[in-house]
Amino acid sequence: HPKLFISAYESFAKAVRTADVKSVGMIGFCWGAPACFHLSSTDLVDSMVIAHPSFVEIPTSIEKINKPCLFLCAETDQMFPMPSVDAAKKIMAEKEKATGLKSKFVIYPGTKHGFAVRGLLTDEVAIKAADDAIKEAT
């Protein structure tokens, strides 16, 4: 289960934070989302990107977010379906209104869960979406 690896991500982020760096960003694909949610509530990261997340607990996961975040979402995603995306957007909009915390949601039409890292090389829509996701995240 991905939550078992959170301590490893936390240890890594602590090591990076002690290096001479100006800021630390984190990207979580699928199973990496729970670690992003957790670390965004600490001082170990400054921002995060989440692509087609899994194990999102609404509202708990989203309420943990305390850093600017970018959500890269598939249009069809059994792990983060549109009702969950809409609920997350609402929570983040409330956070922005209350605290100024920024977030952005990009939904890629015609894509499925996993498009950003394991899309079919024969699927032009998935290829274009993955390329755009890289641009959004950098």
Side-chain angles (χ1 to χ4, degrees):
H1 195 276
K3 290 182 181 179
L4 298 175
F5 299 103
I6 288 176
S7 64
Y9 292 122
E10 195 170 83
S11 295
F12 180 79
K14 285 178 183 176
V16 171
R17 184 56 88 189
T18 61
D20 188 22
V21 295
K22 291 184 180 181
S23 65
V24 176
M26 182 173 187
I27 299 178
F29 299 91
C30 189
W31 280 38
C36 281
F37 297 136
H38 171 73
L39 290 178
S40 76
S41 68
T42 72
D43 290 331
L44 296 174
V45 299
D46 300 302
S47 62
M48 68 175 189
V49 177
I50 299 173
H52 42 79
S54 293
F55 303 100
V56 181
E57 299 171 359
I58 301 291
T60 310
S61 296
I62 308 304
E63 288 173 345
K64 288 181 182 178
I65 298 171
N66 195 27
K67 300 292 187 291
C69 62
L70 170 63
F71 284 82
L72 304 170
C73 305
E75 180 181 44
T76 303
D77 192 335
Q78 71 281 11
M79 300 303 289
F80 194 49
M82 279 302 130
S84 294
V85 173
D86 292 340
K89 283 181 178 180
K90 183 179 178 185
I91 293 166
M92 293 309 298
E94 291 168 0
K95 283 179 170 261
E96 182 171 5
K97 187 176 180 182
T99 67
L101 181 64
K102 299 289 185 187
S103 65
K104 181 178 179 181
F105 289 77
V106 181
I107 299 164
Y108 291 95
T111 59
K112 297 178 183 174
H113 183 84
F115 76 92
V117 292
R118 57 181 176 89
L120 295 174
L121 296 177
T122 56
D123 183 344
E124 291 296 323
V125 172
I127 291 168
K128 185 178 181 310
D131 288 345
D132 186 74
I134 291 168
K135 290 175 187 164
E136 283 284 347
T138 54

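All values below come from the heavy atoms of this structure, side chains included, with hydrogens, waters and symmetry mates left out.
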Check the pair Ser54 / Phe80 against side-chain contact (heavy atoms from CB on, under 4.5 Å), numbers first and verdict last.
CA-CA 6 Å; Ser54 293; Phe80 194 49; over 6 Å; no
Side chains of Phe37 and Val56: closer than 4.5 Å at any heavy-atom pair?
yes
Quick check against the 3.5 Å criterion: does Lys102 have a side-chain atom that pairs as donor or acceptor with the backbone of Cys69?
no
Can you hop from Val24 to Leu44 via hydrophobic side chains spaced under 4.5 Å?
yes
Can you name the nearest heavy-atom pair linking Gly28 to Cys36, along with the distance?
N-SG, 3.5 Å
Closest non-hydrogen atom pair, Phe55 against Ser61:
O-OG, 4.0 Å
Suppose we screen for salt bridge (Lys or Arg N to Asp or Glu O under 4.0 Å). Which residues come up paired with Glu75, at least two apart in sequence or across chains?
none
For residues Ile134 and Leu70: do they belong to one hydrophobic cluster (side chain heavy atoms under 4.5 Å, members Ile, Leu, Val, Met, Phe, Trp, Tyr)?
no
Nearest atoms (heavy-atom pairs only) where Ile65 meets Leu101:
O-CD2, 3.7 Å
Please list all pairs meeting salt bridge (Lys or Arg N to Asp or Glu O under 4.0 Å) that have one or both residues in residues 128-138, counting only residues at least two apart or in different chains.
Lys104-Glu136
Is a side-chain N or O of Ser41 found less than 3.5 angstrom from the main chain of His38, in a donor-acceptor match?
yes
Single-linkage hydrophobic cluster Ile107~Met48, side-chain heavy atoms < 4.5 angstrom
yes
Are the side chains of Phe71 and Val106 in touch, meaning some heavy atoms are under 4.5 Å apart?
no
Quick one: closest heavy-atom pair of Cys73 and Val85, and the distance?
SG-CG2, 4.2 Å
Measuring from atom OG1 of Thr42 to atom CG of Asn66, what distance do you get when rounded to the nearest 0.5 angstrom?
9.0 Å
What one should report as the nearest heavy-atom pair of Ile91 and Pro59 is CD1-CB, 3.6 Å
To the nearest 0.5 Å, tell me how far Glu96 CD sits from Ser103 OG.
6.0 Å
Are Ile58 and Ser84 close enough that some pair of their side-chain heavy atoms sits under 4.5 Å apart?
yes
Distance col, row Phe115:CZ vs Leu72:CG, nearest 0.5 angstrom, shows 5.5 Å
Neighbour count >12 (heavy atoms, 6.0 Å) for atom CZ, Phe12:
no
Inspect the contact between Arg17 and Asp46 and indicate whether a charged nitrogen and a carboxylate oxygen are less than 4.0 angstrom apart.
yes
Could you tell me whether the side chain of Thr111 reaches within less than 4.5 Å of the side chain of Thr76, counting heavy atoms only?
no
Given the rule that I, L, V, M, F, W and Y join up when any side-chain heavy atoms are under 4.5 Å apart, are Ile50 and Met82 in one cluster?
yes
Working note: Asp43 + Lys67, criterion side-chain contact (heavy atoms from CB on, under 4.5 Å); need CA distance, chi angles, decisive distance, verdict.
CA-CA 9 Å; Asp43 290 331; Lys67 300 292 187 291; 4.1 Å; yes
Starting at CG of Asp77, measure out to NE2 of His52 and round the result to the nearest 0.5 Å.
8.0 Å
Taking every heavy atom of Ala13 against every heavy atom of Leu39, the minimum-distance pair comes out as CB-CD1, 4.2 Å
Do Ile27 and Met79 sit in one hydrophobic cluster, given that two such residues count as connected whenever their side-chain heavy atoms are within less than 4.5 Å of each other, even indirectly?
no
Give every residue pair that meets the salt bridge (Lys or Arg N to Asp or Glu O under 4.0 Å) criterion with at least one member in residues 84-94, sequence neighbours excluded.
none
